[in-house]
Protein chains: 2
Amino acid sequence: MPRRTREEAEATREALLDAAELVFHEKGVARASLQEIARAAGVTRGAVYWHFRDKADLFRAMLERIRMPFEELVEALPASDRPRSVLETIRLASLLALERMEEPRFKRVHGILIHRCEIFDDIDPVSMMREMALTASANTLEQFRQAERDGELRPEIDAETANRLFHCTLRGLVHSWHLDTDAFSLASSGRELLNHWFGLIENTDSQQSLTQPEPQRHGQRREHHAPGHQGRGQGRSQPR
Amino acid sequence: MPRRTREEAEATREALLDAAELVFHEKGVARASLQEIARAAGVTRGAVYWHFRDKADLFRAMLERIRMPFEELVEALPASDRPRSVLETIRLASLLALERMEEPRFKRVHGILIHRCEIFDDIDPVSMMREMALTASANTLEQFRQAERDGELRPEIDAETANRLFHCTLRGLVHSWHLDTDAFSLASSGRELLNHWFGLIENTDSQQSLTQPEPQRHGQRREHHAPGHQGRGQGRSQPR
DNA sequence: CAAAACATACATCCATGCATGTATAATGCG
DNA sequence: CGCATTATACATGCATGGATGTATGTTTTG
């Protein structure tokens with residue numbers, strides 16, 4: 001029964017995008033047929049060609065849906081409720097990003113981007129990943145520069161180096177996770193790893209009278225494995 | 001004119017693998033047709049189906065060709081001409097690996113693995129990457145454990161953490177490079193990054209009378225590397 | 001009544017798999 | 001050692017299916 005109301009039309013569009021995520025993730029972008037996606041959404045190929053020009057357009061729309069909220073997160077990076085140290089801000093923001101990546105939608109779409117689509121002409125995931133990497137890197141670089149000025153950084157490394165090291169570590173962590181997402185929890189492993197990482201680059205000569213004493217921050221540094229609930233502890237001081 | 005000699009047959013097989021690398025890298029694995037690969041190798045599809053069962057088999061054979069020499073490298077990791085410190089050994093071996101990755105063949109095949117093929121049933125790049133990651137990690141973990149026993153590691157981090165950090169950093173670097181291989185040199189950027197990284201984790205309390213003084217190492221790059229013999233460059237075939 | 005929001009039908013293309021052809025190198029045999 | 005045979009190393013042709021793009025039909029809503 002064609003000619004639904006406008007809200008229904010938007011609903012089928014979203015259903016198509018949801019179905020695209022699932023089918024792309026299951027079969028890969030190239031082997032996924034529009035027929036399958038349409039069927040998974042409960043419609044026919046006609047609906048697909050009405051809402052999208054072709055498969056590449058559908059793919060781009062699927063990416064757009066996660067690009068915006070994710071960039072919001074990246075740009076919300078400097079915003080911190082408390083005037084903590086700059087390094088602390090970066091650390092918490094990255095942890096937030098890692099937790100987001102474990103949400104089903106981001107996990108699926110990133111899984112598609114990383115292991116289930118091929119770069120070619122119209123479909124080009126790399127350009128988007130590169131773009132996101134550049135903006136994110138520019139943002140954190142500003143933060144690391146500030147940290148350097150504040151004397152939070154160990155003197156032997158500059159802000160640029162710290163920034164590069166940081167993004168390599170994070171990217172490597174995410175890619176390692178996507179090699180087998182069931183092997184470990186990205187958020188909790190990332191938290192532990194980042195604790196160690198920031199412990200390595202932060203200045204230990206605490207002449208920092210600017211910031212509050214901050215009693216030990218890596219309290220359980222020798223005690224790695226946090227007490228066992230382990231289940232993506234998101235409710236901890238993280239505003240939604 | 002069929003029925004070539006055995007060496008010629010092996011030559012066309014190699015030519016097919018070379019062509020597969022090129023075409024896979026150009027169009028992606030899914031969109032590359034066996035027709036195209038055969039033409040690029042100067043033969044017809046008949047030759048492809050003679051040497052390989054199907055596209056997945058060809059893909060696997062292409063991977064096999066780089067898997068073996070690369071694992072040789074990984075396993076040659078502990079072998080060091082000079083009794084340097086353990087951390088130094090890891091650093092130099094990783095640098096060697098990074099230099100290898102800039103060689104055309106490894107660059108192409110890794111580029112295919114990372115951005116130009118989709119995981120699915122028969123074609124599964126992830127399992128190979130995971131396998132290589134595990135063996136490499138097991139090897140370096142042994143090294144880091146030895147470094148820990150020798151007191152080369154900063155006391156606040158253990159061998160397991162150092163190993164995880166190390167592989168995340170390396171993986172992140174390689175993936176960043178593959179986002180745009182023309183943006184920077186993997187070897188030289190990697191050398192700089194690794195210098196800083198090992199500077200961060202190594203123990204500064206130099207009670208190490210075991211190793212030679214080794215003046216400042218940071219930012220310092222002395223001789224490039226052994227002008228190696230390039231190893232097994234036999235695959236030069238491509239008739240016509 | 002016109003356009004939106006699809007469903008249906010149709011034509012086209014092309015990659016795959018296999019079957020068959022074929023000429024030559026390798027091999028066994030007398 | 002010559003020769004027939006056979007397996008080899010492909011080339012060619014055919015059949016198939018499945019995906020794509022588009023054209024057209026069908027309601028219903030605004």
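Letters A, B, ... are given to chains in the order of the sequence lines, protein chains preceding strands, and every chain is numbered from 1.
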Practice task
Using a heavy-atom cut-off of under 4.0 Å over every strand shown, decide if B:Thr44 touches base, sugar-phosphate, or nothing.
Solution key: base
Take the protein atom [atom1] of [X] and the nucleotide atom [atom2] of [N], then report the distance between them rounded to whole Å.
X	N	atom1	atom2	answer
A:Glu36	D:dT20	CD	C1'	14 Å
B:Arg39	C:dT16	CZ	P	12 Å
A:Glu14	C:dC6	CD	P	13 Å
A:Glu8	C:dA4	CD	C1'	12 Å
B:Leu16	D:dA9	CG	P	13 Å
A:Tyr49	C:dT8	OH	C1'	14 Å
B:Arg13	D:dT8	CZ	P	16 Å
A:Phe52	D:dT22	CZ	P	17 Å

Between the protein and nucleotides 9-13 of chain C, list the N/O to N/O atom pairs that are separated by less than 3.5 angstrom.
none

Of the candidate nucleotides [options], which contains the atom at the shortest distance from the side chain of [X]?
X	options	result
A:Trp50	D:dG30, D:dC10, C:dA5	C:dA5
A:Arg6	D:dC10, C:dA5, C:dA7	C:dA5
B:Ser33	C:dA15, C:dA5, C:dA7	C:dA15
A:Val43	D:dG30, C:dA7, D:dA11	C:dA7

Handout entry: Residues that B:Ala133 engages under side chain to side chain contact (heavy atoms under 4.5 Å, CB included), provided they are two or more places apart
Key = A:Leu179, B:Arg171
Exercise for the section: Decide yes or no on side chain to side chain contact (heavy atoms under 4.5 Å, CB included) for A:Val109 and A:Phe24, but give the supporting numbers first. Expected result: CA-CA 9 Å; A:Val109 177; A:Phe24 283 162; over 6 Å; no
Problem - Along DNA chain D (nearest heavy atom to each residue), the more 5'-positioned of A:Ala32 and A:Gly46 - result: A:Ala32
Problem - No-hydrogen, no-angle side-chain donor-acceptor test under 3.5 Å, A:Arg145 and A:Asn163 - result: no
Handout entry: Donor-acceptor side-chain pairing of A:Ser176 and B:His167 below 3.5 angstrom
Key = no
Can you check whether [X] has a side-chain N or O nearer than 4.0 Å to OP1 or OP2 of [N]?
X	N	answer
B:Thr12	D:dA9	no
A:His51	C:dC6	yes
B:Thr5	C:dA26	yes

Practice task
Sequence neighbours left out, what passes salt bridge (Lys or Arg N to Asp or Glu O under 4.0 Å) with A:Lys27? Give chain and number order.
Solution key: A:Glu36
Exercise for the section: Name all residues meeting the salt bridge (Lys or Arg N to Asp or Glu O under 4.0 Å) criterion together with A:Glu26; count only those two or more places apart in sequence or in a different chain, and write none if there are none. Expected result: none
Problem - Residue whose nearest DNA chain C nucleotide is more 5′ - B:Glu7 or B:Leu34 - result: B:Leu34
Problem - Pairwise side chain to side chain donor-acceptor pair (under 3.5 Å) hits with a residue in residues 51-68 of chain A, at least two apart - result: A:Thr12-A:His51, A:Glu14-A:Arg65, A:Asp18-A:Arg65, A:Glu21-A:Arg65, A:Glu64-A:Arg67, A:Arg67-A:Glu71, A:Arg67-A:Glu131
Practice task
Could you note down all residue pairs passing side chain to side chain donor-acceptor pair (under 3.5 Å) where residues 109-129 of chain B supplies at least one of them, sequence neighbours left out?
Solution key: B:Asp124-B:Ser127
